[in-house]
Structures are given as structure tokens and as C-alpha cells.
Asker: 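Can you keep this structure in mind? I'll have questions shortly.
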Amino acid sequence: MLKTLHTLLLLCLVGAGNALYKQWIPDNNYENKTNWDKGAVPCGNDRVQFSAQRKVSVFVETTHAVREMRMPVDGEFILNSGAGFYVVAGQEPGCGAGVTTKFKNSESLQWFNPALWQAAATLDDMQRENFLFSVHEESVPCQYDDVVFKARSSFRVDTSSSLPSISVKSVSVLGKTFDSGSEFTQYLSSRSGRLQFHGSSAVTVGNSGCVDPSGCDCGNSVNHQQICASVTCPSLSCKKPLLPVGHCCDVCGAIVTIHYAPGFNLQNYRQRIRHLFLVLPQYKSIQLGMSKVFKSQRLVGIIPFGSSAEIQVVILDEEKGTQAEALARDIVRDANSHGSNLGITEAEFQTSTGSSSDQSGSSAGMVVGVVFGVLIMITLIIVLVVLIRKGVVQMPSMPSLPSLSSFRNNNDTGDLGGPLDHGFDNPMFDKPVMLPAVPGLYGTETNNSISLTPTGVHFVNPVYDENETDFNV
Ligand SMILES: *[C@@H]1O[C@H](CO)[C@@H](O)[C@H](O)[C@H]1NC(C)=O
């Protein structure tokens, strides 16, 4: 009872949800120099151009001087308070001779491009840039995630996909969070909404979020092809590259697979691994992603018969991959010693160097196994030989084996090969040979003076004649 209460309290503290915050990286900010084709924010001597046909929503943070500006037909400036434009007469000092600068095209930036998102467990982590690594499918917002577009910025995202809608838990735009479906639909049909979101699929909010403490399936496997279409896989140098579930590319590193029981909490476990291991200096170059995945189960390794949920921990190491293996071993060791408290029933790992937890256990196990195998074989052979010799087990009679039948038939031949020993003879009993063979008990032979019979000891008095023993005179 106390334990249940404790668990409930813990759930309340961490929040039942295991959703992540996914933040869109690009922005359409006037002050971001990556948005300009000359790689610099235009100054007072420059001519600024927005393509006439392009729809664009631009966020302007401060005041800017310009020589000239061409505006798009359908577009907007979202001005921060105090922001604006002015034209300088003459040359602005320190601005050069003046060039024509174009605002870059953000038309092709796709919602399903995993490189355009960053993930964090909390908004606080997001602020501190404590970003989480994820497999490609989960880099893109999952069905229970909170989607964040940076507060002081605008953007344009292409939401085209094969499905009619993309559903998430909530969407934050310009610092306002939408988690009710109708409100967000209204925003999408506003001027800003139409300029920021375009494409065939509608983004919908209001999903309940993940209420399973052990984590939830991201749900992006249906978009796998589209997600991977924008990913270019690097060439790898490791011996046995691994393919994590939900990832588009083979990787060098390690994968830890965790089987969990009720009581497992993904978010707590993620924190535990971070505080126990990822803070250590030797694991500085490590990227670690942890999530619940569904792995298809195969009968005899071939025939699929369903899927099972497990926790996949993907560990990538920028430096060669040796640290990834060390961390995988640390995590499995921790899971083995504290598993019962953490709700972990089993943990195993594979690495791209070819080693795995199965293999490391078997080097000692194999020796023991071989020794036991040999012992069992020897015992079986001995038992079989003894049974055959005792006649308990009958060998099929084969004419070519006459020696065996001679073994069986000579029942008086004991184990030692000699005649069977029947023990010692007690001369007092059961020796009929000792009884006189003659019918007359008292025989004439005087040397038979004492004879032993089963009924008693009789002696013959030599004084009496044999005939006088009858008292019939
Ligand atoms: C400018 O845009 C780039 C690419 O879109 C982005 O990575 C970067 O964070 C932005 N800079 C700022 C200060 O937001």
C-alpha cells in the first residue's frame, strides 16, 4: 500500500506524460543572417528584395535602415514592439557601398525533415539547450509531443504528407500554446497561420499525450519513407553497422535493449542514465537516444508473429565507437544490479564492433557447458554398459555378436567373473547329507557313536544290543 502511494506520488512529481518538446529550428527572422543570400543582415546602403510571388511571414525584432525594399505580394512582417524600418538619406557609415540582398527561400522546408527539429524533455531543458538525441522517426514530432516554434520568431513549414493530417499534443507559435483543436484550426485559417503552415496535411492539436509511464510509441513509422527521403546516410567504417528501429541509416555505436515490467518509468530512467553516466568526462562525445519501440517477433528467426514493446537505447560515439561500447556495458551492468527497483527485467546490448552481451557471457559459459557435456556423455556410456551387462537393457541380438549372448546366458557368473558365492554353510541346519542314510536310527556301526539330527543329539549306548533296544522281550 505504501509502495503504491509512493509510486503515485512519484508519478505526480514527474508528470505522467512521457512526451517530449520538439522545436522547429529554422526561422524567418530578419535579423538571422542565414536568411540572406549575402550571408549578412542588410544595412542602410543595401537594397532589400523579397520575391514578389513568395508567401512569407517575417519576424522583425529591432529597427533597420534600408535604401530600398521590394515587398512580396502575399506576405507579412511581424514587428516586435519598437521594431520597424527607416530610410537614410545619403550613405550610412560602416555599411559599405551597398548591395542588393535577397531574403532566402524557405518554401521547401519540410515538417518531416528530421534535421530541422531539436528535442528536449522539458521547456527548461530546451532553454538550456539540453537537447536529446533521437532516431530519425522520433526527431520529427510524435503524436503525443508538444511542438514549439520559437517565441520571438516566424517560420514557414511545408506539412505535406501522404496522410490527411498530422496530429500532435500541442503547438506553440510566437509564445502562444494551442492545445485545443478548434482554437488552432482558427489560427491556421488566419493570415499568419496560412503563411506559416502550408502543404497538403493539416496539423491538428489536442492529442491526449502519453499517459503510459513506460513511454509510448512515437507513431511515425507510417511516415518512415517520407522522413528518410530527406536523410543522407554517412559512409561508415565500423565492422558491423547497426540499424536502430526508427532510424534511416546504419550507425556505428551500440544498441541496448531493455525489457521492462510494470513500474518502469522512461523519463526517470532517462534522467538516471544522464546523471549516472552521460555527465562523466569519458562520455562527453556520446549521443544517446532512448525510446519505446515495437520490434517484430519472429518464430525461429524467420516467421513474423507479432510485435513486442521494448526500450531501445541507441548510443552513438563520434570518436571511433569504443566509448559507446563501454557505456552499453555500464548500462547493462546497472540494469542487472538495480533492475528490480527500476522495473527492468532484462537488458542486453549489441555493438558495431561485433560484440554483444550474449557473447561476453558465453566465453565463461561455453567452458562450463563443454565440461558438463563431456561429463554427462561419460556417465551415460557407463550407465548403458552396466545396464547391458546386468541384462536390464537387451541389445538387439545380432549373429555377429556371440560373445554378448554368452554373457547373458551364464547367470551364475557374477560380476567378478567367478562362480556365485552362496555364503557359508551352517552345519547345524539344512544339510540333509549329514543325516544317516540308513532307515534305522541307531545303526550298527559303532563308530557312528554320535549323530546329529534336526531334532536333537542322540548317542548310541554300545552296552545294549541293537535287538534289545526293543523292549518286547
Ligand atoms: C538562424 O537560422 C539558422 C538556420 O535556420 C538556425 O540554425 C539558427 O539557430 C538561427 N539563429 C538564431 C539566432 O536563431
Side-chain angles (χ1 to χ4, degrees), residues 23-118 129 139-140 147-160 171-176 187-201 203 226 229-232:
Q23 181 169 267
W24 179 251
I25 297 169
D27 63 49
N28 271 0
N29 290 8
Y30 195 92
E31 285 81 12
N32 190 330
K33 57 185 199 290
T34 64
N35 286 329
W36 299 96
D37 67 343
K38 296 287 190 297
V41 180
C43 56
N45 300 338
D46 296 334
R47 292 179 161 80
V48 175
Q49 284 187 358
F50 289 90
S51 294
Q53 310 80 14
R54 253 187 211 118
K55 299 181 179 194
V56 70
S57 171
V58 177
F59 184 83
V60 186
E61 177 124 37
T62 58
T63 311
H64 295 271
V66 289
R67 163 74 31 97
E68 179 191 305
M69 185 182 281
R70 288 205 194 154
M71 307 287 273
V73 174
D74 191 4
E76 67 173 5
F77 285 120
I78 298 170
L79 300 176
N80 191 24
S81 68
F85 298 100
Y86 64 96
V87 178
V88 284
Q91 292 283 313
E92 183 185 307
C95 179
V99 291
T100 300
T101 300
K102 286 182 179 146
F103 196 79
K104 275 199 202 161
N105 177 10
S106 54
E107 203 67 13
S108 58
L109 300 177
Q110 293 194 347
W111 176 283
F112 285 104
N113 183 347
L116 301 183
W117 297 95
Q118 49 203 183
E129 310 204 334
S139 299
V140 173
V147 174
V148 178
F149 293 93
K150 287 176 221 158
R152 292 149 78 80
S153 79
S154 194
F155 57 93
R156 185 161 168 84
V157 56
D158 180 2
T159 60
S160 297
V171 173
S172 298
V173 179
L174 288 161
K176 178 165 173 44
Y187 178 76
L188 285 180
S189 59
S190 74
R191 177 172 190 80
S192 291
R194 279 186 292 113
L195 291 170
Q196 289 164 339
F197 297 87
H198 69 113
S200 64
S201 306
V203 177
Q226 192 172 4
S230 49
V231 175
T232 313

Asker: So which heavy atom on R194 is nearest to which on S189, and how close?
Answerer: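 Looking at all heavy atoms of both residues, the shortest contact is NE-O, 3.5 Å.
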Asker: Enter the distance from K102:NZ to R47:CZ here, rounded to the nearest 0.5 Å.
Answerer: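 So the NZ of K102 and the CZ of R47 are separated by 13.5 Å.
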Asker: Any chance you could lay out the side chain to side chain contact (heavy atoms under 4.5 Å, CB included) test for F85 and V60, step after step, and finish with the verdict?
Answerer: CA-CA 9 Å; F85 298 100; V60 186; 3.8 Å; yes
Asker: Under 3.5 Å, is there a donor-acceptor pair between the side chain of N45 and the main chain of G96?
Answerer: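 Between the backbone of G96 and the side chain of N45 there is a qualifying donor-acceptor contact (under 3.5 Å).
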Asker: Could you check whether any side-chain N or O of S57 sits under 3.5 Å from a backbone N or O of S192, counting only pairs where one atom can act as donor and the other as acceptor?
Answerer: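 No.
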Asker: Give a yes or no on whether the backbone of G82 and the side-chain of T63 come within a donor-acceptor separation of less than 3.5 Å.
Answerer: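 Pair found, side chain donor or acceptor close to backbone of G82.
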Asker: Do you know the tightest heavy-atom contact between V56 and P72?
Answerer: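 For V56 versus P72, the nearest heavy atoms are CG1-CG, 3.8 Å.
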Asker: Begin with the C-alpha distance, continue with both residues' side-chain angles, and end with the deciding distance and a verdict on side chain to side chain donor-acceptor pair (under 3.5 Å) for Q110 and S160.
Answerer: CA-CA 8 Å; Q110 293 194 347; S160 297; over 6 Å; no
Asker: For D158 and S108, indicate whether the former's side chain and the latter's backbone hold a donor-acceptor pair under 3.5 Å.
Answerer: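 No, D158 side chain to S108 backbone: no donor-acceptor pair under 3.5 Å.
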Asker: Quick one: CE on M69 to OG1 on T101, what's the gap to the nearest 0.5 Å?
Answerer: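 With rounding to 0.5 Å, CE (M69) is 10.5 Å from OG1 (T101).
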Asker: Minimum heavy-atom separation for Y187 and Q196, please, with both atom names.
Answerer: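 In this case the closest contact between Y187 and Q196 is OH-OE1, 2.5 Å.
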Asker: Would you say K55's side chain and E76's backbone share a donor-acceptor pair under 3.5 angstrom?
Answerer: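 Not a single qualifying donor-acceptor pair exists.
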Asker: Atom NE2 of H198 and atom CG of L188: how far apart are they, to the nearest 0.5 Å?
Answerer: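 These two atoms lie 13.0 Å from each other.
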Asker: Short question: side chain of N29, backbone of R152 - any donor-acceptor pair under 3.5 Å?
Answerer: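 Checked: pair present.
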Asker: What's the shortest heavy-atom distance between C43 and E92, and which atoms?
Answerer: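 Nearest heavy atoms, C43 then E92: CB-OE2, 4.2 Å.
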Asker: So, for F155 and F197, is the gap between ring centers shorter than 6.0 Å?
Answerer: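 Centroid distance F155-F197: below 6.0 Å, so yes.
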Asker: So, D46 side chain and V99 main chain: donor-acceptor pair closer than 3.5 Å or not?
Answerer: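 The answer is yes, because a donor-acceptor pair under 3.5 Å joins these two groups.
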Asker: When the ring planes of Y30 and H64 are compared, do they come out parallel, tilted or perpendicular, using 30° and 60° as the limits?
Answerer: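 Judged by the thresholds at 30° and 60°, the geometry between Y30 and H64 is tilted.
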Asker: Rounded to the nearest 0.5 Å, how far apart are NZ of K150 and CD1 of I25?
Answerer: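 These two atoms lie 7.5 Å from each other.
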Asker: What distance separates S230 OG from L109 CG, expressed to the nearest 0.5 Å?
Answerer: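 Atom-to-atom, S230:OG and L109:CG are 11.0 Å apart.
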Asker: Tell me whether the rings of F77 and F50 are parallel (<30°), tilted (30 to 60°) or perpendicular (>60°).
Answerer: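 F77 and F50: perpendicular rings.
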Asker: What distance do Q23 atom CD and S153 atom OG have between them, rounded to the nearest 0.5 Å?
Answerer: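 These two atoms lie 8.0 Å from each other.
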Asker: Looking at F59 versus F149, is the centre-to-centre ring distance below 6.0 Å?
Answerer: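 Not close enough - the centres of the two rings lie 6.0 Å or further apart.
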Asker: For T159 and S201, which heavy atoms make the closest approach, and how far apart are they?
Answerer: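 So the minimum-distance heavy-atom pair works out to OG1-O, 2.6 Å.
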Asker: So does F112 get a backbone contact from the side chain of W117, meaning a donor-acceptor N/O pair under 3.5 Å?
Answerer: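 Side chain of W117 to backbone of F112: no pair is present.
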Asker: Just by distance, do the side chain of R70 and the backbone of S51 share a donor-acceptor pair under 3.5 Å?
Answerer: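 Judged by distance alone, no pair lies under 3.5 Å.
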Asker: When you compare the side chain of R191 with that of D74, does any pair of heavy atoms fall below 4.5 Å?
Answerer: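 Yes, side chains in contact.
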Asker: Got a donor-acceptor contact below 3.5 angstrom from the E31 side chain to the E61 backbone?
Answerer: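 Side chain of E31 to backbone of E61: a pair is present.
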Asker: Taking atom NZ of K33 as the centre, does the number of heavy atoms from other residues, nucleotides or ligands within less than 6.0 Å exceed 12?
Answerer: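 Counting neighbours around NZ of K33, 12 or fewer heavy atoms of other residues, nucleotides or ligands fall under 6.0 Å, so no.
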